[in-house]
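These numbers come from a predicted model, not from an experiment. Atoms within a ligand are numbered from 1 in the order they appear, just like the ligands themselves.
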Amino acid sequence: MDLQHIQWFPGHMTKAMRMMEENIKLCDGVIFVLDARAPFACRNKVLESKLANRPFLYVLNKCDLISESDKDYIVSVFAKEGIKVVPTASTIPGGSKNVFNAFKGLLSEKIERNKAKGINKTLRAMVAGVPNTGKSTLINALCGKKATMVGDKAGVTRGKQWVRLDGFELLDTPGTMPPSIENNLHGLHLAFIGGLNDNILDVSDLCFYFIEELLKINPQVLTTRYGIETKDKTTLEIYESICVRMGCLVRGGDYDYERCGKAVIDDFRKGRLGKICLEGKVTL
Ligand SMILES: Nc1nc2c(ncn2[C@@H]2O[C@H](COP(=O)(O)OP(=O)(O)OP(=O)(O)O)[C@@H](O)[C@H]2O)c(=O)[nH]1
Ligand SMILES: [Mg+2]
C-alpha cells in the first residue's frame with residue numbers, strides 16, 4: 001500500500017495550506033494539535049517554517065493513550081530542536097488547563113503591550129492539525145462546553161468556526177495533511193490513527209501492516225487482547241488466528257479479513273489494546 005502518495009493530490013494540499021495561511025493572518029498565534037501515538041507523522045514542517053517568528057505551540061494530545069516514558073521521549077525530541085510541546089489529554093476533565101496557560105504565556109508579550117496601550121483587544125488563535133487529532137475536543141475542553149462538533153473519524157469539522165473563550169477567540173479548522181509525508185511509514189501511521197479518510201483505504205491491508213508494526217513495537221499486546229501466540233508465526237498467520245478468536249469467518253470456513261481488520265483497528269483507536277505509541281522510544 002503506497003500511502004506516501006495517497007490523497008496527496010498537490011492541488012488539495014496547496015489549497016489547504018493556502019487556507020491555513022489565510023487563517024493565520026487573522027490570528028495572533030497558532031495551536032497545532034499532534035496525536036501522541038504518531039506525533040512525528042502529524043508534524044507539519046512547512047507550517048513550522050512559516051510560523052518561525054510567530055507565537056506557535058504544539059499540543060501533544062491523546063497522551064492518555066501512550067506511556068509516560070514515550071511522552072517524555074517525544075517532548076525531549078522536540079525540545080532538542082527548540083520546539084515546545086505541551087502534553088495533554090482533552091477527553092480527561094481538567095486535562096487541558098495546561099494548554100490554555102501555555103498559550104497565554106506565549107501571547108503574554110502581546111497581552112502586556114495591548115494593556116500598556118490601553119487596547120482591550122480579543123486575541124485570536126487558530127487550532128490546526130491533521131484530521132482526527134482532537135482539535136475540536138481540545139477547544140470544547142478549553143471552553144468547558146460542547147461548542148464544536150467532534151467524532152471518531154477524519155473530516156468531522158468541515159468549515160471554520162470561531163469559539164469565544166475568556167478574552168480569546170479560538171478558530172476551529174478542518175484537519176489538514178502535512179504537504180509532504182516524509183516516508184511511507186508516516187503515511188501508515190496517519191492511517192492507523194484515523195487521520196486519513198477510511199473510505200479510501202483497504203482495511204485488510206491496513207490491519208496487516210498494523211499487526212506487522214505491533215510485532216516490532218510490542219507483540220505482547222496481541223497476546224493479551226486476543227489470546228494468541230505470535231512467536232515464530234508470520235503476520236498472516238497471526239491475522240488469521242485473530243480472525244478465528246474473534247469469530248470472523250465466512251461460510252466455507254474462510255477468514256473474514258475485513259470484519260476482523262475493522263475490529264482490530266478500532267480496538268487500537270479506542271485504546272483497547274492498551275497504551276501504544278507508534279513513534280515512541282522503542283520504535284524510532
Ligand atoms: N483517548 C482520547 N481520545 C481523544 C482525545 N481527544 C480527542 N479524542 C477523540 O478523538 C476523536 C476525534 O476528535 P475531534 O475533536 O473530532 O478531532 P478533530 O481534530 O477536530 O477532527 P476533524 O475535525 O475531523 O479534523 C473523537 O472520538 C474524540 O473523542 C484524547 O485526549 N484522548
Ligand atoms: Mg474537528
Side-chain angles (χ1 to χ4, degrees), residues 7-8 12-13 15-17 19-20 23 30-39 41-44 47 57-68 70-71 74-75 85-100 102 125-163 165 169-179 189-201 221 262 265-280:
Q7 216 198 23
W8 278 269
H12 285 156
M13 289 327 308
K15 193 168 158 226
M17 279 303 287
M19 246 180 67
M20 205 135 63
N23 289 333
V30 174
I31 296 173
F32 195 96
V33 182
L34 306 169
D35 187 317
R37 294 166 302 173
C42 291
R43 189 174 172 182
N44 188 326
L47 192 68
L57 187 74
Y58 270 130
V59 169
L60 192 68
N61 193 34
K62 306 199 184 185
C63 277
D64 54 310
L65 300 177
I66 66 165
S67 68
E68 282 291 315
D70 280 332
K71 183 180 84 182
I74 294 162
V75 171
V85 175
V86 183
T88 195
S90 304
T91 41
I92 294 176
S96 301
K97 223 179 161 63
N98 59 337
V99 175
F100 189 56
M126 176 171 92
V127 181
V130 160
N132 203 40
T133 49
K135 300 174 291 297
S136 302
T137 307
L138 173 68
I139 292 177
N140 288 346
L142 291 171
C143 295
K145 64 175 189 230
K146 200 175 173 305
T148 66
M149 212 162 75
V150 304
D152 62 355
K153 58 178 195 227
V156 171
T157 303
R158 294 286 178 188
K160 56 181 188 183
Q161 182 190 349
W162 288 101
V163 178
L165 162 73
E169 268 179 0
L170 299 179
L171 179 63
D172 192 11
T173 61
T176 311
M177 281 294 148
H189 289 174
L190 290 173
F192 297 155
I193 63 172
L196 299 179
N197 183 344
D198 282 329
N199 299 333
I200 62 164
L201 301 165
V221 163
K262 260 192 197 135
I265 296 293
D266 197 55
D267 279 349
F268 167 64
R269 289 185 184 164
K270 301 269 166 63
R272 287 189 291 258
L273 294 179
K275 293 179 190 281
I276 298 170
C277 182
L278 302 166
E279 298 171 0

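Note on T137: not counted as a metal contact of the Mg ion (ligand 2), no N/O/S atom lying under 2.8 Å. Among the atoms of T157, an N, O or S atom is found under 2.8 Å from the Mg ion (ligand 2).
Between the side chain of S67 and the backbone N or O of D70 there is at least one donor-acceptor pair closer than 3.5 Å.
For ligand 1, the 4.0 Å heavy-atom shell takes in N61, K62, D64, L65, A89, S90, T91, P131, N132, T133, G134, K135, S136, T137, V150, G151, D152, K153, A154, G155, V156, T157, G175, ordered by chain and residue number.
Residues T157 and M149 have side chains not in contact (no heavy-atom distance under 4.5 Å, counting atoms from C-beta outward). In this structure the side chain of M20 reaches within 4.5 angstrom of the side chain of N44, judged on heavy atoms. No side-chain heavy atom of P39 sits under 4.5 Å from any side-chain heavy atom of V85.
Side chain to side chain, T133 and N61 fail the donor-acceptor criterion of an N or O pair below 3.5 Å.
Shortest non-hydrogen contact noted between A36 and L60 is CA-CD1, 3.7 Å. Shown here for C63 and K71, the closest heavy-atom pair between the two residues is SG-CD, 3.8 Å.
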